[in-house]
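One structure is given below, encoded as structure tokens.
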Number of protein chains: 2
Amino acid sequence: MTLSPSVPEAGLDLMGFKDAVEELLTGFLDRKAPRADSSGSPDLAAPLRHFIGAGGKRIRPILAFVGWHAAGGTGDARTVCHLAASLELFHVFALIHDDVMDSSALRRGRPTVHRALALARQGDDSNIPAAAAARFGEGAAVLIGDLAMVWSDELLTDGGATPEQWAALWPVLHAMRYEIVLGQYLDLQATGTASPDVDRALRIGRYKTAKYTVERPLHLGALTAGADQVLLDRLSAFALPLGEAFQLRDDLLGVFGDPSSTGKSALEDLRDGKATVLTALALQAATPLQRKELTDWLGNPHLTHEQGASARHVIMATGAPAQVEEMITARYRTALKALDDALLPCAARQALHDIAQAVTQRTT
Amino acid sequence: MTLSPSVPEAGLDLMGFKDAVEELLTGFLDRKAPRADSSGSPDLAAPLRHFIGAGGKRIRPILAFVGWHAAGGTGDARTVCHLAASLELFHVFALIHDDVMDSSALRRGRPTVHRALALARQGDDSNIPAAAAARFGEGAAVLIGDLAMVWSDELLTDGGATPEQWAALWPVLHAMRYEIVLGQYLDLQATGTASPDVDRALRIGRYKTAKYTVERPLHLGALTAGADQVLLDRLSAFALPLGEAFQLRDDLLGVFGDPSSTGKSALEDLRDGKATVLTALALQAATPLQRKELTDWLGNPHLTHEQGASARHVIMATGAPAQVEEMITARYRTALKALDDALLPCAARQALHDIAQAVTQRTT
């Protein structure tokens, strides 16, 4: 995904802001390395540095920055930069725990944190049984994820927000954090119980993505610049359909994406039996035979590559991917329409336009 | 453990404060139940209400209250009460994740959160394989723990602290949260690798308990009332030895405690092969035969009740429990001496005296 690559005079310097967030994050994590004199303390920041270093779209930080501009933010970006870095580290927490829950092997093209920690443990002690190393890796990754959340608070509170900013930000931060946990919980509950229930899948995506990934970061940035409820509502009218489109694109990429671009296994969503709109629509449109096949395959942790290819073939044959593409397009258009109506500053509006295009058409 | 049962005119109303914290916590969690109109939203607060309702010593809230008084806090206790409730909910987060990592079955005499959620899942869907239900329970418990951390922040930021109080509290809160994660990580790393290394076991206990459970809550309470560094140092001189004694008592109770009092299994520490001072001393003093037996038993997840009894017998025969009792007594005395030297207000001093006695002599 490419977000407007460089800086026209009149535009927002998204890449400059992204770099500033990167610098803040890496500097913060570098300072968390244990001091030379504290022998015996493991470097708990190392897995987080590694994770951050593996890339990522930084969509939440960028949206916070655009939200700040949309509300008239200008000049000293220290507070919004800390907010943005904090959102990114909070997201790292969510991904690390998510990968443990889903038993994912790969993230951003590298072993997931629990896998890497299990492998390191086996490297330290070749006598340890594989199951014990895996168990250690999971427990250790839960703790590293916890630490990412702890440190996301530290980045946030180091940002020099005023009492007025805090009063506006905290309720939204608390709501956002609750929503992602709820979304993950609904997702976990639904996983392995593939069904034709499109509404259920949409509801999960609303919490997991539409609100958490798009609406809340925009709102938080805007609130940092003193946004009122009218502006927040306008941003929501853009953010929620776009966020749904983002999730629908994710669903397609999870099954049909190229692992060398997505950095994730192309079998995992199928093996987990993720309850997505894509699979719900496929089950709705399937013939009895196709439905039986899909029900056998979706959620089968031992699904082979060949069975995965067959599942993709059947899903394609049901027409579900084309339906999902249509849903993405409809939501993209709704988002752009809301953007046209929103009377935002030009530069913010242009940035959101570019972001909408990038997130709905991405391949990663 | 009984903490000064009622309220002499001159003393601190610890039980009144504990009740106020209880009321704040239960009111907060009650308000988190999904509204009647939000059908389909699970009540994620329910496991937390259940957990809080199962009791617990509330040692951290009480210490925050005493720290507040020690620094001259008086009158409106709203901020320290929110701080205390937040510390308790943060601790719930730590315990839920700890129980997942240790695969513990019981906590406070009830099934642990991941066990309860696995059982509920099997109740909802009798076709689900036991392993899948267990896996769901663990993932769901990680999320419920995450939510406890999220909500502990909400309780904290709802407490009406002033910018000056925040400036003093945040750095200590961040440090405390890092320390508990580090302590848990060291504990997890050492688990299953029982060794005669007493220093390692003491280091783990320092992070997990001495700082997290005793020193930091006292400091946070004191800072809420504007404490200076001199007072913080005096509180540390009391808190750190007492905290070590607390952990040593925990180690003894983990192996020799009565499950009907502790609410935990008496086999678990042995089965996990927890790296405690007790087992380190036992391995140091053991005969070659005893050392071989202990090495076989400690960390054996299939340890039987009979083998557990034999392990207890051998540990007793090495004299390690008596040594640990001596270490507890020495640290208790050091703590009381520090208390005598600390020039605290009488009521706070008396309360800390009582607490020191209670935590070193407890049976739960």
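Lettering of chains follows the sequences in order, A, B, ..., and the numbering in each one begins at 1. Note that these values count all heavy atoms, side chains included, but never hydrogens, waters or copies made by symmetry.
For Leu143(A), the parts sitting under 4.5 Å from any heavy atom of chain B are the backbone and the side chain alike. The parts of Leu182(A) that come within reach of chain B are both its backbone and its side chain, each placing non-hydrogen atoms under 4.5 angstrom from that chain. Neither the backbone nor the side chain of Ile180(B) comes within less than 4.5 Å of any heavy atom of chain A. Looking at Leu117(A), only its side chain comes within 4.5 Å of chain B, counting heavy atoms on both sides. The contact between Leu186(B) and chain A is made entirely by side chain atoms (from C-beta outward), counting heavy-atom distances below 4.5 Å.
The environment of Phe28(A) atom CZ is dense: over 12 non-hydrogen atoms of other residues, nucleotides or ligands sit within 6.0 angstrom. Heavy-atom contacts from other residues, nucleotides or ligands closer than 6.0 Å to CZ of Arg115(B) number 12 or fewer. More than 12 heavy atoms of other residues, nucleotides or ligands lie within 6.0 Å of CZ in Arg271(A), so this atom counts as buried by the packing criterion.
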Side chain to side chain contact (heavy atoms under 4.5 Å, CB included) assessment of Glu138(B) paired with Val100(A): CA-CA 10 Å; Glu138(B) 291 189 346; Val100(A) 171; over 6 Å; no

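The stretch residues 118-135 of chain A places Arg121(A), Arg135(A) near chain B, each with some heavy atom under 4.5 Å from a heavy atom of that chain. The stretch residues 162-176 of chain A places Pro163(A), Trp170(A), His174(A) near chain B, each with some heavy atom under 4.5 Å from a heavy atom of that chain.
Listed by chain and number, the residues in a ring pair (Phe, Tyr, Trp, His ring centres under 6.0 Å) with His82(A) amount to none (sequence neighbours excluded). Partners of Pro196(A) according to the side chain to side chain contact (heavy atoms under 4.5 Å, CB included) rule, which considers only residues two or more places apart in sequence or in another chain, are Leu283(A), Gln284(A).
Exactly one of Phe93(A), Tyr178(A), Tyr185(A) qualifies for a side chain to side chain contact (heavy atoms under 4.5 Å, CB included) with Asp146(B). That residue is Phe93(A).
Scanning both residues, Gln189(A) and Pro42(B), for their nearest heavy atoms gives OE1-CG, 4.3 Å.
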